[in-house]
Amino acid sequence: SAAVHTPFVYIPQGIALAALNILNTRPLIMIYASRVAVLLTWIFLAYFSIKLLPNRKWALVGILLIPMMSAQSISPGVDTVAIGLGVLFVSIIFNLRKEKTERVSKNKKTILVLAAIMMVLAKPVMACILPMIYYMGRNKIKKEKIFTILTVLAPIIIYVLWSKVFSSNVWLLPDGVVPGQQLKNLITHPWNFFVIFFNTFFFQWGDGVVSSLVGNFGPLDTPLSQPFVIIGFLLVAFYTFVSYEREGTISNRWIILTLLVIYLFAVCLAMYLVYSPVGFGIFYGLQGRYFLIIPIVLIMSGCLSFLH
């Protein structure tokens with residue numbers, strides 16, 4: 001994993017490990033210290049996301065405390081940083097939408113662009129939510145055209161350049177996985193993608209993927225019991241459909257929903273290309289944590305809320 005991700009994702013863990021390495025600390029303590037460093041980073045990102053979000057703070061707090069999200073907050077992998085930056089990115093956009101001024105302050109411009117760049121470098125599929133910049137309001141977009149374009153394009157360009165210059169061949173693909181051949185098959189028979197999608201999510205295999213959104217820990221071998229999974233999904237539904245006020249217009253809501261559907265398909269496609277054997281009938285290797293940003297954005301936006 002570390003061979004294919006940008007190094008900055010591991011800065012919190014790296015600082016903790018480097019400091020303890022100087023002190024000749026035992027490896028077990030270093031491992032736990034790296035987890036604490038990630039947790040502190042997550043708390044920092046979550047705190048400012050909640051602070052900046054103008055509405056539905058209570059719902060954001062609730063979704064960030066579901067078991068899988070809590071487990072990710074101490075995971076030394078890339079998901080914690082990627083999701084945290086994604087939440088911060090969306091919070092700033094909703095904050096800008098609520099502001100009455102037509103211009104965006106330099107501080108918020110800087111933070112928003114940096115958050116966009118870093119979240120895409122952490123996880124490229126996060127680029128799917130970049131067009132949510134539209135949600136900050138048409139007047140601001142008209143006044144800040146260069147800033148809007150920069151926020152959307154800069155992360156993608158930087159990621160492409162990074163991949164070209166610093167791409168690594170260390171990551172070995174699983175047996176039978178040939179991304180080029182897999183992509184060629186999908187281009188030749190595009191309908192197969194939706195058949196595979198159906199096979200993945202609407203049969204027994206999909207049960208594990210969906211339930212792991214709430215809680216299935218470790219290498220997907222430590223699931224929560226079924227009653228707790230059901231309670232978890234009921235809470236997610238409550239946060240999604242209940243609100244004190246409805247945010248956005250019809251067009252805004254459909255933009256958010258469309259982007260999240262694109263994100264869903266992008267994750268599935270990525271796992272099919274780099275993790276599933278050629279011609280496999282499902283998206284092998286999917287985990288619920290890959291989709292955590294979907295309910296988080298739905299809940300932050302309130303675009304599906306109808307119970308007031």
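Bear in mind that the values here come from a model prediction, so they are computed numbers and not experimental data.
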Undergrad: Any non-hydrogen side-chain atom of Trp42 less than 4.5 Å from a side-chain atom of Leu64?
TA: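 The answer is yes, as the side chains (C-beta and beyond) meet within the 4.5 Å cut-off.
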Undergrad: Below 4.5 Å, heavy atoms only, C-beta onward: do Leu45 and Leu85 meet side chain to side chain?
TA: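 The answer is yes; the side chains approach within 4.5 Å.
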Undergrad: State the CD1-CG distance between Ile29 and Leu23, to the nearest 0.5 angstrom.
TA: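 Separation between the atoms: 10.5 Å.
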Undergrad: Between Gln182 and Ser276, is there a donor-acceptor pair closer than 3.5 Å when you use the side chain of the first and the backbone of the second?
TA: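 At least one qualifying donor-acceptor pair exists.
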Undergrad: Testing the basics here: between Met271 and Gly285, what is the closest heavy-atom pair and its distance to 0.1 Å?
TA: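 Taking Met271 first and Gly285 second, the nearest heavy atoms are CE-O, 3.4 Å.
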Undergrad: Minimum heavy-atom separation for Ser91 and Ser49, please, with both atom names.
TA: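 In terms of heavy atoms, the two residues are closest at OG-O, 3.0 Å.
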Undergrad: Has Lys98 got a side-chain atom pairing as donor or acceptor with Phe94's backbone, closer than 3.5 angstrom?
TA: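 Judged by distance alone, no pair lies under 3.5 Å.
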Undergrad: Answer yes or no: is there a side-chain heavy-atom contact under 4.5 Å between Tyr10 and Val78?
TA: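 Side-chain contact under 4.5 Å: yes.
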Undergrad: Using ring centroids (six-membered ring only for Trp), state whether Phe193 and Tyr272 fall under 6.0 Å.
TA: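 Ring centroids of Tyr272 and Phe193 are no less than 6.0 Å from each other.
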Undergrad: Which heavy atom in Ile299 sits nearest to a heavy atom in Thr240, and how many Å separate them?
TA: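 Heavy atoms only, the tightest pair is CG1-OG1, 3.5 Å.
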Undergrad: If I compare all heavy atoms of Thr25 with all of Met30, which pair ends up nearest, and what's the gap?
TA: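 Between these two residues, the closest heavy atoms are O-SD, 3.5 Å.
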Undergrad: Can you name the nearest heavy-atom pair linking Met300 to Arg56, along with the distance?
TA: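 So the minimum-distance heavy-atom pair works out to O-CD, 3.8 Å.
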Undergrad: For a quick test of your reading: what N or O donor-acceptor pairs under 3.5 Å do the side chains of residues 119-130 make, sequence neighbours left out?
TA:
from	atom 1	to	atom 2	distance (Å)
Lys123	NZ	Asp79	OD1	2.1

Undergrad: What pairs with Ile282 under side-chain contact (heavy atoms from CB on, under 4.5 Å), at least two apart in sequence or on another chain?
TA: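 Ile282 satisfies side-chain contact (heavy atoms from CB on, under 4.5 Å) with Asn199, Thr200, Trp205, Phe280 once adjacent residues are dropped.
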Undergrad: Looking at Phe238 and Trp58, what are the two nearest heavy atoms and their distance?
TA: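 Here Phe238 and Trp58 meet closest at CE2-CZ3, 3.6 Å.
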Undergrad: Can you find a heavy atom in the side chain of Asn192 that is under 4.5 Å from one in the side chain of Asn185?
TA: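 The answer is no, as the side chains (C-beta and beyond) never meet within the 4.5 Å cut-off.
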Undergrad: State, yes or no, whether a side-chain contact exists between Val38 and Ser73 at a heavy-atom distance under 4.5 Å.
TA: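 Val38 vs Ser73: side chains apart.
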Undergrad: Below 6.0 angstrom between ring centroids: does that apply to Phe265 and Phe197?
TA: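 Yes: the rings meet the under 6.0 Å criterion.
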Undergrad: Can you check whether Pro76's main-chain N or O pairs, donor with acceptor, with Arg35's side chain at less than 3.5 Å?
TA: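 Absent.
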Undergrad: Run the numbers on Phe233 and Val210 for side chain to side chain contact (heavy atoms under 4.5 Å, CB included), then give the verdict.
TA: CA-CA 10 Å; Phe233 274 107; Val210 174; 3.7 Å; yes
Undergrad: Would you call Ile11 and Thr41 a side-chain contact if the rule is heavy atoms closer than 4.5 Å?
TA: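 The answer is no, as the side chains (C-beta and beyond) never meet within the 4.5 Å cut-off.
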Undergrad: Quick check: does any side chain N or O of Lys109 sit under 3.5 Å from a backbone N or O of Thr151, one acting as donor and the other as acceptor?
TA: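 Side chain of Lys109 to backbone of Thr151, a donor-acceptor pair under 3.5 Å: no, none is there.
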Undergrad: Do the ring centers of Phe198 and Phe194 come within less than 6.0 Å of each other?
TA: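 Not under 6.0 Å, so no.
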Undergrad: I'd like to know whether Val113 forms a side chain to side chain contact (heavy atoms under 4.5 Å, CB included) with Thr110, so could you lay out the CA-CA distance, the side-chain angles of the two residues, the decisive distance to 0.1 Å, and finally the verdict.
TA: CA-CA 5 Å; Val113 172; Thr110 303; over 6 Å; no
Undergrad: Using the test side-chain contact (heavy atoms from CB on, under 4.5 Å), find all partners of Lys108 that sit at least two apart in sequence or belong to another chain.
TA: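 Result, side-chain contact (heavy atoms from CB on, under 4.5 Å) vs Lys108: Asn95, Leu96, Glu99, Val104, Ser105.
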Undergrad: Side-chain contact test, heavy atoms from C-beta onward, threshold under 4.5 Å: evaluate it for Ile255 versus Pro131 and give yes or no.
TA: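 Of all side-chain heavy-atom pairs linking Pro131 with Ile255, none is under 4.5 Å.
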